[in-house]
2 protein chains.
Amino acid sequence: MPPPPPGTEPGPRTASVARRPTLKDVAGEAGVHPATASRALNPGTRHLVNDETAQRVLQVADTLGYQPNPIARSLKTARSASIGLVIPDLTNPLFPPIVRGIEDVLGGVGYNAWIVNTDNDPARETAAVESLRSRSVEGFVFATGRLHHPFIERLAAGGTPTVLVNRRLAVSDIPSVTGDDAGGVAIAMRHLVDLGHRRIVHLAGPQDLSTGVNRLRAFRQALEDHGLEDSPARLKLCSAWAESAGAKAVTELLDDGVEFTAVLAGNDLLALGCYDALAGRGLSCPGDVSVVGFNDMPFVDKLSPPLTTVRIPHYELGAEAAHLLLERLRAPDRTTRSILLPLTLVDRQSTAPPRLL
Amino acid sequence: MPPPPPGTEPGPRTASVARRPTLKDVAGEAGVHPATASRALNPGTRHLVNDETAQRVLQVADTLGYQPNPIARSLKTARSASIGLVIPDLTNPLFPPIVRGIEDVLGGVGYNAWIVNTDNDPARETAAVESLRSRSVEGFVFATGRLHHPFIERLAAGGTPTVLVNRRLAVSDIPSVTGDDAGGVAIAMRHLVDLGHRRIVHLAGPQDLSTGVNRLRAFRQALEDHGLEDSPARLKLCSAWAESAGAKAVTELLDDGVEFTAVLAGNDLLALGCYDALAGRGLSCPGDVSVVGFNDMPFVDKLSPPLTTVRIPHYELGAEAAHLLLERLRAPDRTTRSILLPLTLVDRQSTAPPRLL
DNA sequence: ATTCACACTGCAATCGTTTGCGGAAACGTA
DNA sequence: TACGTTTCCGCAAACGATTGCAGTGTGAAT
């Protein structure tokens, strides 16, 4: 026989070698049946065993350094103390804080999250979810929700505990936690109007996402509230939350000769594109036009000018989503509810009173 | 008995209800023993079963929509087709691209990665790794390596397939894939020198990280190569890769009256702090002092001035790391090797010739 | 005709837990 | 003393796969 490959533990043949102890080991050591050891070890069933015995088992487990095997446990119980977390794109700075929020509250109660990237690809999403389900995850939080998202709808309807974060579906009772987009654009618009702006344009994000439509709807509402004219010209639909889309929209606006002194961008990336387009036309911000973004991404305070934007509490979004899911796991028949977190305006230097005419 | 809670599948009692089919189901349907079905389903053992039978089993499995239960499989085989990915902080924009790179190559061969955040906390790290091991992950890639990292050393020495990404340990034969820091600072320094700079300072990152010491070492080497004076005054050790640390370092330099026309920052965050400090003193960049960063984080091209920086191919770092680990899993006794990926300078507008004296 | 090799497949154990069921003490009550 | 309750614990069957071993049957070689 060749020498054992390096990097291989001596193997379980050897008698009391460093193999991680199993329940049977601690039972043997404690002089009880594995079943008893199991009951002693689990807080929920501990009352079924004599106090003294339980203590002994606990003691042995501790000195042996016993750790239950989650795989075996999952196989038996079809539970796993973990949930799936479905993210469209981790490299989007929006999502990591959400992940952190979720992980932090989950970790506090012994749960953990399995993160998957879908890259906005429905096929990857279904594959990932299927894979996670076969690993007995107990629920899901989706950050990939689209307005119309049959897959998630079916999943939730099928009884899988599900919560949405950051984005919601159009019409469904799936619990969600999102930022209060309407409130957010309301304060942004008030800010602009207070500054004296009257001709404000909106760079709307993709209309298959709740964030996109909600912000657009709120924009028009604000126009109405402030008695401003709601002209279709003052609106640009962007097909993606991307810098290039923002730039394109603004140059088109400029080319079309629509007059405006301020732009409310659907998110910070769009605002960034706006900066580019403005600079490309020799216009200054905020001198010639004010711009306000949405999200308060990292480093937008470093831009020049530092971007005024609506801050979304992403970490808290995640934390609340985790709470919601946990609650759902504990009491599946409790009535569902969704949460709207308040947004705040962070007033930096990309907004100023309009030039006098 | 109360009505079954909503959101619960009818349960396996019902005869042929939508319960995910097991191996036994397909075996029964195909008229073979589960063992045979297993062999037919696994490419590696398929040759052990009659071709015709195998086809029949495959066929049945397909129509039944059979998916093997990874938990049961893991329990039996102590393998899991997954690896652990240990990240210090997902909200650091450095890491998501690495994660993507890893996931992409892993996914290509049916593996997946379990991501854990350690928040730079050794206790969380050991806990997470322990938890992953008990889930039978087959190996680890660590992005958390410190120069001296006994935990990872022990783990690797114990035979667990391990690779390091982005950061390495001081002295160890654990395979790693990192950027060629030395090469990176060399081109950055050459760039500065070519521009005419002679008095260059370095903002060095934490010296317990390989990136920190390597860049510092390379800086001094470059000084020597270009015949520039290596004065301790021209060096600031920063205790963290943070903007505030960079700002502090530069203001100290300024306060101490050390003269310099360019700064090589250990990373982009430090460079950012540098911008702040310079602006705070009324100095212009690149007019008064040039600065070059490291990493090419997202959006540093949007700063003003856009930051000249050394780009690290993070995605490729991750991809290579995954390849290395995969290779190690397949051939554990192959000799280890580490990979250095070339770095490139992206020349933007934070560097310029020094003012004439 | 006997032996042998080979291809194929079934049996049963196993991975490490959990849990329904039943038995054996121990205890209280009549 | 007899009997019903508890309390505690062990037995054994799961959960869903993989795998060493042993068998069967076929065809070829002697």
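Numbers restart at 1 for each chain; the letters A, B, ... are given by sequence-line order, proteins then strands. Note that these values count all heavy atoms, side chains included, but never hydrogens, waters or copies made by symmetry.
Using a 4.0 Å heavy-atom distance criterion, B:Thr53 is classed as a sugar-phosphate-only contact. Within the 4.0 angstrom heavy-atom criterion, only backbone atoms of the sugar-phosphate kind lie near A:Pro68; the bases stay farther away. Among the heavy atoms of the strands, none lies under 4.0 Å from A:Ile71. Residue A:Gln67 is in sugar-phosphate contact alone, with no base atom involved, counting any heavy-atom pair closer than 4.0 Å across all strands shown. Residue contacts shown for B:Thr45 are absent, as no nucleic acid heavy atom lies under 4.0 Å away.
Regarding B:Leu41, its CG atom lies at a distance of 9 Å from the P atom of D:dA17, rounded to whole Å. Going from atom CZ of A:Arg135 over to atom C1' of D:dA17 covers 14 Å, rounded to whole Å. Rounded to an integer number of Å, the gap from CZ of A:Arg20 to C1' of C:dG16 is 12 Å. Note: NZ (A:Lys24) to P (C:dT17) measures 10 Å, nearest angstrom. Distance NE2 (A:His33) to C1' (C:dT19): 12 Å, rounded to an integer number of Å. Following rounding to the nearest Å, B:Asn42 (CG) and D:dT19 (P) show an atom-to-atom distance of 8 Å. At whole-Å resolution of the value, CG in B:Leu75 and C1' in D:dA17 are 8 Å apart. The nearest whole Å value for the distance from the CG atom in A:Asp25 to the P atom in C:dC15 is 11 Å.
For the residue pair B:Ser176/B:Ser338, the side-chain donor-acceptor check at 3.5 Å is satisfied. Using modelled atom types, one finds a donor on one side chain and an acceptor on the other under 3.5 Å when comparing A:Asn117 with B:Glu103.
Among the nucleotides D:dA12, D:dA17, C:dT9, the one closest to the side chain of B:Val49 is C:dT9. Of the candidate nucleotides C:dG10, C:dT17, D:dC9, C:dT17 has the atom lying nearest to any side-chain atom of A:Arg73. Comparing D:dA14, D:dT19, C:dA12 against the side chain of B:Ser38 picks out D:dT19 as the nearest. Checking D:dC9, C:dT17, D:dT18 against every side-chain atom of B:Leu23, the shortest atom distance belongs to D:dT18.
With respect to the salt-bridge test (charged N to carboxylate O, under 4.0 angstrom), the residues B:Arg79 and B:Glu138 do not qualify.
B:Ser74 places a side-chain N or O within donor-acceptor distance of the main-chain N or O of B:Pro70, the cut-off being under 3.5 Å.
Using a 4.0 Å cut-off, no side-chain N or O of A:Asn50 falls inside it from OP1 or OP2 of D:dT7. Note on A:Thr77: every side-chain N or O is 4.0 Å or more away from OP1 and OP2 of C:dT18. Considering only side-chain N and O atoms, B:Thr22 lies under 4.0 angstrom from the phosphate OP1 or OP2 of D:dA17.
Aromatic ring pairs are classed by plane angle as parallel below 30°, tilted from 30° to 60° and perpendicular above 60°; the pair A:His149 and A:Phe142 is tilted.
The list of salt bridge (Lys or Arg N to Asp or Glu O under 4.0 Å) pairs with a residue in residues 107-128 of chain B, not counting sequence neighbours, reads A:Arg100-B:Asp119, A:Asp104-B:Arg124, B:Asp119-B:Arg124.
Between the side chain of A:Arg39 and the base of D:dG10, at least one donor-acceptor pair of N or O atoms lies under 3.5 Å.
Comparing B:Pro34 and B:Lys76 against DNA chain C, the residue whose closest nucleotide sits nearer the 5' end is B:Pro34.
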